[in-house]
Structure formats: C-alpha cells, structure tokens
There are 2 protein chains.
Amino acid sequence: MHWDDVGSQVCSIARTMSVLGDRWTMLVVREAFIGTKTFDEFVAYTGAAPQVVSARLKRLVEAGVLKKEPVADGRSRSEYLLSEMGQDLYPVVCTIMVWGDRWLSDGRGRPHALRHTGCGCVTSPKLACDACGKFVSRKTLTGEPSPSMKRYRAQMFNEASQ
Amino acid sequence: MHWDDVGSQVCSIARTMSVLGDRWTMLVVREAFIGTKTFDEFVAYTGAAPQVVSARLKRLVEAGVLKKEPVADGRSRSEYLLSEMGQDLYPVVCTIMVWGDRWLSDGRGRPHALRHTGCGCVTSPKLACDACGKFVSRKTLTGEPSPSMKRYRAQMFNEASQ
DNA sequence: CGGTATCCCATTTGATACTG
DNA sequence: CAGTATCAAATGGGATACCG
C-alpha cells in the first residue's frame, strides 16, 4: 500500500496519521499550541528548514487543522492559528507529552509541566470515560470493531495471503 | 536541524516523535494494541512492505516499546508484544483514534468504538486531571515551562536570528 | 521579515525475488 | 511463515540563494 492510500484505511488512527504522521508535523502543531503564530518563529523553534515549515503549514491549512490569517500591518504577513479541528488535537498533544515525560526524560524534570487551574495541582492528565467520568485504561475498555472495519481487515489479510 | 537531533530537543513531544514520528510506526503500534503479534500479520494489516515492517519492529524493540519473544513452536518465529512502555502508549493511541473518529470520519460511524466496562457505555475518552479527577481542557490547564526549556528555546530563537 | 525556488544528496519505500 | 536482499523510483530535506 502506498502512503497516499493510508488515509482511506477503515481506521481512525490511519486517517489521522495520513494528516499528522510526518516527522515535523507534530512539532509544528506543538508550536501552534504554545502560541507560535508567524513563519519565522515556526522555523526557529521547530528547527526545520524553511521549505519544510512552508510545506507543513500548507498541508495543515489544507487539512483544516490551521487557519492562515492575514495580519493587517502592511507587511503582507500571515498568522497560522489553530482551527477548532486543530484545537481539538489538544488531548493528542497532551498525551504524547505525558508519555515522553515519563519514558524519555533526560532526568531534569518535565520540560513543560501542566497545572490544573481547577484544583491548583500540577497534573499529568489521564483518560476518563466521557459518560461516567471515571478514569479508564486499556483494561477497562473493550473495543468494538464495526462491521466495515472487520470486512476491511479480512480483505487486507486475504490479499496478503495470496 | 537534522532529524536525528530532534530527540535531543528539550521537549517531550519532540522526543516522542523521534521514536514514533514516522509514517508507518503508529500503524504498527496500533496493531500491537489490537493484538497482532506475528510478522506476517503486521505486514497484512498495516499495508506496509515487509522491509518497512521489519525496520519498524526493530526500531520499536530497540526503543523499548515492543518486546520480541521467541515462540517455542520449532519454527524459529517470534512474537512482538507491547512492553510496559508500549502499553503506556494507550492514551496516545486512544486520543488519536478519538480525534480521527470526530474529524476524519467517512460517515459510516466509528471504525472501532470503545465501551467502558465500568459503566457499560460506549465512550470517547477525554482527559481528566490525575489529581482531582475532573475533566480538563486547554483552557483549564496552564503550561509551566521549565527553566531549561526556556533557555533552550531562547537559544533556538537566537541562532535562527543570526 | 515572510516566504519561495533550486540544487543535490540522503533516505524511504514499493516491487520483486530470495532464503532458512 | 519469517524475514532479508536488491534495485529502481520517488520522496524528503539540508544548504543556499533569491524575491517582495
């Protein structure tokens, strides 16, 4: 399967990866969450080359994750802001950060801790059921593959067996 | 900055991406969570070429995300299982799936719904504070960059300004 | 400052075949 | 089945330069 076809897999993870599954893309998204808005800041803070940043910003705008807004300062510049779709990536960015904090630490503490304004505590957010509010884990969740996903996977398996 | 140096950024997201930030890697991880264990199943279900699967499994084993266990069936085969580090990626995989469910749907429902065994409901897990248990969002969390991260970013910015 | 264009090298990867 | 080898094609991306 070519990478371009990954977005058509019957799988939300594959579809998401067809948008975000790129070396530099998540760093661009991270910057957007930190508040980076202008091209040169994206270049400076991600460490990616300008054409790479340009390509990623373009793709994220096309995908609807970022909005490109002109800035009226007479300098023909633009700002790249998170759309609602982009802001909704917060849990993804957050869980990635929490995982890195735990497993890829350099021993000098969390680079970017989070404080919950509700309770005042520093937190490493965890998943909770949106119905009952209790914490969930892999053990307390069961997957229910849809018929179309089952069909799709059976087909993948059969094709590979030939 | 070369991609190989991304893992040394003072940022847990960058470090995580240096392990997982690859087109196919997350699909391999997805399969591991679904219960895929053998090489040919990874090839069949991810849709990636065998050398690609081989390389990704190797990298994930080296990174400590997967464990390669020999199977004693006399056929010199191995199983690839999630380590504790790998299992801890569950929230990442889960939030990615939930985002894809919402924003990249094909209109035929969630490919893989989750049911919470605690309350019996189908759920799209959300983030909650690990201290107080309340749901959190970007608005109820404030970031606290560490001194070393601040220094690092200032340095990135200065280098880019030259 | 905010990007784009070009050049060229390194890496990725799809196709195919092969081996234990 | 569980991978590895090879090769060609495509893509990615760093350096540099360029333009409004």
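Residue numbering restarts at 1 for every chain, and letters A, B, ... go by the order of the sequence lines. Predicted model, so just to flag it, every value in this text is computed and none were measured.
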TODO: Give a yes or no on whether A/Phe157 and B/Val52 share a hydrophobic cluster (residues Ile, Leu, Val, Met, Phe, Trp, Tyr; joining criterion: side-chain heavy atoms under 4.5 Å apart).
DONE: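 They do share one cluster, since a chain of ILVMFWY contacts under 4.5 Å joins A/Phe157 to B/Val52.
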
Task: Co-membership, hydrophobic cluster, residues A/Val98 and B/Val29, 4.5 Å side-chain - done: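 No, A/Val98 does not connect to B/Val29 through the hydrophobic network.
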
Task: NZ/A/Lys126: more than 12 non-hydrogen atoms of other groups inside 6.0 Å - done: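 Buried by this count: over 12 neighbours within 6.0 Å.
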
Counting just side-chain N and O atoms, does [X] come under 4.0 Å of either OP1 or OP2 of [N]?
{"X": "A/Arg23", "N": "D/dG13", "value": "yes"}
{"X": "B/Ser54", "N": "D/dT4", "value": "yes"}
{"X": "B/Arg77", "N": "D/dC1", "value": "no"}
{"X": "A/His2", "N": "D/dA10", "value": "no"}
{"X": "B/Arg56", "N": "C/dT13", "value": "yes"}
{"X": "B/Lys58", "N": "D/dT4", "value": "yes"}
{"X": "B/Lys68", "N": "D/dG3", "value": "yes"}
{"X": "B/Trp3", "N": "D/dG12", "value": "no"}

Task: Base of C/dG14 paired with side chain of B/Gln51 (donor-acceptor, under 3.5 Å) - done: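 In this structure, the two groups form a donor-acceptor pair.
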
Figure out the [atom1]/[atom2] separation between [X] and [N], and round it to whole Å.
{"X": "A/Trp24", "N": "D/dG13", "atom1": "CH2", "atom2": "C1'", "answer": "9 Å"}
{"X": "B/Phe39", "N": "C/dG20", "atom1": "CZ", "atom2": "C1'", "answer": "14 Å"}
{"X": "A/Asp40", "N": "C/dG3", "atom1": "CG", "atom2": "C1'", "answer": "10 Å"}
{"X": "B/Glu41", "N": "D/dG3", "atom1": "CD", "atom2": "C1'", "answer": "15 Å"}
{"X": "B/Asp22", "N": "C/dT12", "atom1": "CG", "atom2": "C1'", "answer": "9 Å"}
{"X": "B/Leu57", "N": "D/dA2", "atom1": "CG", "atom2": "C1'", "answer": "11 Å"}
{"X": "B/Glu159", "N": "D/dA15", "atom1": "CD", "atom2": "P", "answer": "12 Å"}

TODO: Please tell me which of A/Glu79 and B/Val52 maps to the more 5' nucleotide of DNA chain C, matching each residue to the nucleotide holding its nearest heavy atom.
DONE: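 By nearest-heavy-atom nucleotide position, the 5'-most residue is A/Glu79.
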
TODO: Report yes or no: do B/Asp130 and A/Ser124 form a side-chain donor-acceptor pair below 3.5 Å?
DONE: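 Side-chain D/A pair, B/Asp130 to A/Ser124: absent.
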
Task: A/Thr95 side-chain N/O to A/Val92 backbone N/O, donor-acceptor pair under 3.5 Å - done: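 Checked: pair present.
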
TODO: Please figure out whether A/Gly47 or A/Asp4 has its closest DNA chain D nucleotide nearer the 5' end.
DONE: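 Nearer the 5' end of the strand: A/Asp4.
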
Open item on the list: What's A/Tyr80 touching, base or sugar-phosphate or nothing? Going by heavy atoms closer than 4.0 Å.
Closed with: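 Sugar-phosphate, no base atom in range.
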
